[in-house]
There are 2 protein chains.
Amino acid sequence: MLDDERCPDCKRINEVLSRVGDRWSVLVVISLAEYGTMRFNELKRNLGISQRMLSLTLKELERDGLVNRTYHPTIPPKVEYNLTEMGLSFREPVSALGFWALENLSRIDAARETYDEAVVK
Amino acid sequence: MLDDERCPDCKRINEVLSRVGDRWSVLVVISLAEYGTMRFNELKRNLGISQRMLSLTLKELERDGLVNRTYHPTIPPKVEYNLTEMGLSFREPVSALGFWALENLSRIDAARETYDEAVVK
DNA sequence: AACCTCGGTTACACAAGGGGAACCGCCATG
DNA sequence: CATGGCGGTTCCCCTTGTGTAACCGAGGTT
């Protein structure tokens, strides 16, 4: 049973998805794409995300080169986030996915109901 | 601190992504889109996925109406999977995402190296 | 003096993701 | 007779993900 049989692209796609494919990253990118520049607590309130997860998510997105972080050492501190060029290019496939999601949510719900009824029956 | 401030679409996008947005679902859809109809162990070998996860993933995809399951009661049993119409429509945004992933993997790696060096320094 | 704001970090706890191995029935192959 | 393949299911266990709550420092507000 060789692993070499597996499709080569899957491994790489898997790699990228495990980095930027989590829900919070996707939602942060969508928000930044829509509103441009946003502050930390602005994102937090907008997404309904916990402080901890937002902090972790933004750090990863910055590390991966999708988000710029600008720190203004004022009192109180002000930190602004916006998308890099790569972040903006990521926005296209992501918003396509988001659009599909909104379009098909009801269809998925309907399919689930049908399936669950058939199983119970 | 009201939750009502949060963007309304995020909640729904989040819902759909938490259903069909996991890595294995995405990879299964990509495989089925590329090869058409596939058998269980064919997918397993192709993706390098564990038997357990493939079983769970296919069951959810069938329940959500993205995948058809056809059982042939032969000996040995033969079970074939292929995409439904909705599954095929899902393939478009997914393959856009996959394409972006392949295009930008090296850029992400480069950004990570730069970031990590700057942090260590 | 007490408390709030901003942008985090850290500790703790619990849920979910996911791999490995064993088992199933049934037949073909060695 | 033993083994292997097909298409799963079930159990065990470890790793991640994610929320909650507390804390930080400096300054402004009440």
Side-chain angles (χ1 to χ4, degrees), chain A residues 1-3 5-6 10-11 13-28 31-32 37-64 67-82 115 119, chain B residues 1-3 5-6 10-11 14-15 17-28 31-32 37-64 67-82 115 119:
Chain A
M1 178 99 49
L2 308 172
D3 280 348
E5 300 179 43
R6 75 173 76 168
C10 287
K11 199 153 163 286
I13 292 177
N14 211 338
E15 278 182 52
V16 177
L17 289 183
S18 62
R19 296 172 194 204
V20 294
D22 63 295
R23 282 201 307 291
W24 289 129
S25 295
V26 167
L27 292 178
V28 165
S31 275
L32 289 179
T37 295
M38 293 181 83
R39 302 181 63 177
F40 186 87
N41 279 321
E42 211 171 348
L43 277 165
K44 179 166 174 277
R45 279 189 291 268
N46 189 250
L47 295 177
I49 184 179
S50 74
Q51 204 160 3
R52 195 181 97 89
M53 286 313 297
L54 180 56
S55 175
L56 292 174
T57 301
L58 284 171
K59 212 185 295 176
E60 278 301 297
L61 287 175
E62 189 199 355
R63 185 173 177 232
D64 288 343
V67 158
N68 281 319
R69 183 185 121 103
T70 313
Y71 173 67
H72 303 277
T74 58
I75 303 284
K78 178 174 180 179
V79 181
E80 293 182 319
Y81 295 90
N82 64 334
Y115 182 93
V119 169
Chain B
M1 180 96 50
L2 307 171
D3 279 349
E5 302 178 43
R6 73 173 76 168
C10 287
K11 196 152 166 288
N14 211 340
E15 277 182 52
L17 289 183
S18 64
R19 296 173 194 205
V20 294
D22 62 296
R23 283 201 306 291
W24 289 130
S25 294
V26 167
L27 292 178
V28 165
S31 275
L32 289 179
T37 295
M38 295 181 81
R39 302 180 61 176
F40 186 87
N41 280 320
E42 211 171 348
L43 276 165
K44 178 165 174 278
R45 278 189 292 269
N46 189 250
L47 296 177
I49 184 178
S50 73
Q51 205 158 3
R52 179 175 169 275
M53 285 314 297
L54 180 56
S55 175
L56 291 175
T57 301
L58 284 171
K59 213 184 294 176
E60 277 302 296
L61 286 175
E62 189 198 356
R63 184 173 178 232
D64 288 342
V67 158
N68 281 320
R69 178 182 187 270
T70 313
Y71 174 66
H72 304 276
T74 58
I75 302 285
K78 179 175 180 177
V79 181
E80 292 182 318
Y81 294 91
N82 64 335
Y115 182 92
V119 169

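Numbered from 1 within each chain, the chains take letters A, B, ... in sequence-line order.
The shortest distance between side-chain heavy atoms of B:M38 and B:S31 falls below 4.5 Å. Residues B:L43 and B:L58 have side chains in contact (heavy-atom distance under 4.5 Å, counting atoms from C-beta outward).
Here the P atom of nucleotide C:dG17 and the CG atom of A:L17 are 16 Å apart, to the nearest Å. Protein atom CD1 of A:I75 is 17 Å distant from nucleotide atom P of D:dC24, rounded to whole Å. The CG atom of A:L54 sits 16 Å away from the P atom of D:dG17 (whole-angstrom rounding). Summarising the geometry, the separation between CG on A:D22 and P on D:dG19 is reported as 11 Å, rounded to the nearest angstrom. The interatomic distance linking A:R23 (CZ) with D:dT16 (C1') rounds to 13 Å, in whole Å. Between the CE atom of A:M53 and the P atom of C:dA15 there is a distance of 17 Å, given to the nearest Å.
With sequence neighbours excluded, no residue forms a salt bridge (charged side-chain N to carboxylate O under 4.0 Å, His left out) with B:R23. Partners of B:R52 according to the side-chain contact (heavy atoms from CB on, under 4.5 Å) rule, which considers only residues two or more places apart in sequence or in another chain, are B:S50, B:L56.
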Output one line per pair: protein atom, nucleotide atom from nucleotides 6-9 of chain C, and distance, for all N/O pairs under 3.5 Å.
unit_1, atom_1, unit_2, atom_2, d
C:dC6, O3', A:R39, NH2, 3.2
C:dC6, O3', A:P77, O, 3.1
C:dG7, OP1, A:R39, NE, 3.2
C:dG7, OP1, A:R39, NH2, 3.3
C:dG7, OP1, A:V79, N, 3.1
C:dG7, OP2, A:N41, N, 3.3
C:dG7, OP2, A:N41, ND2, 3.2
C:dG7, N7, A:Q51, NE2, 3.3
C:dG8, OP1, A:R69, NH1, 2.0
C:dG8, OP1, A:R69, NH2, 3.4
C:dG8, OP2, A:R69, NH1, 3.1
C:dG8, OP2, A:Y81, OH, 2.6
C:dG8, N7, A:Q51, NE2, 2.3
C:dT9, OP2, A:S55, OG, 2.7
C:dT9, OP2, A:K59, NZ, 3.4

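Taking CZ from B:R69 and CG from B:L61, the interatomic distance works out to 13.0 Å, rounded to the nearest 0.5 Å. Note: A:M53 CE to A:D22 CG = 7.0 Å, rounded to the nearest 0.5 Å.
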